Amino acid sequence: MGDTGRHKQCPQCPPTGVDPMPRLALYALIVCLLAVAAAVVSFTRGSWLGIVWVLLAGLSSNMCWYYVKRGKQEKSVTG
């Protein structure tokens, strides 16, 4: 009756056989890459604040893997 929260693939997109990466996984990957870049800049300037960026990169990398695996699991369960 209502929206279930699951979106169907857009009818205009050509079938590729590969599902796109879940949106939250993509955001987590972007955060991870930005955190790695910030850590490199921080360490090259001699700041120990880069440790915080490394920890954030590790956390966001784990989040990315989690959302990718969850997306694959949902796809295998729903068909």
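As the structure is a computational prediction, the values presented were derived from the model and not from experiment.
Between Phe43 and Ile51 there is a side-chain heavy-atom pair separated by less than 4.5 Å.
Across all non-hydrogen atoms, the minimal contact from Pro22 to Gly71 is CG-CA, 4.2 Å. In this structure, Gly50 and Ala39 approach most closely via the heavy-atom pair O-CB, 3.8 Å. Scanning both residues, Ala57 and Val36, for their nearest heavy atoms gives CB-CG2, 3.8 Å.
Cluster annotation: Val40 and Leu34 are assigned to distinct hydrophobic clusters (Ile/Leu/Val/Met/Phe/Trp/Tyr, side-chain heavy-atom contacts under 4.5 Å, transitive). Both Trp48 and Val54 are members of a single hydrophobic cluster when ILVMFWY side chains are connected at heavy-atom separations under 4.5 Å. One hydrophobic cluster holds both Leu56 and Val52 under the rule that ILVMFWY side chains link at heavy-atom gaps under 4.5 Å.
Screening Leu33, Leu29, Val31, Ile30 against Ser60 for a side-chain contact (heavy atoms from CB on, under 4.5 Å) leaves a single residue, Val31.
The CG atom of Leu24 sits 10.5 Å away from the SG atom of Cys64 when rounded to the nearest 0.5 Å. Annotation: the span from Lys69 atom NZ to Glu74 atom CD amounts to 15.0 Å, rounded to 0.5 Å.
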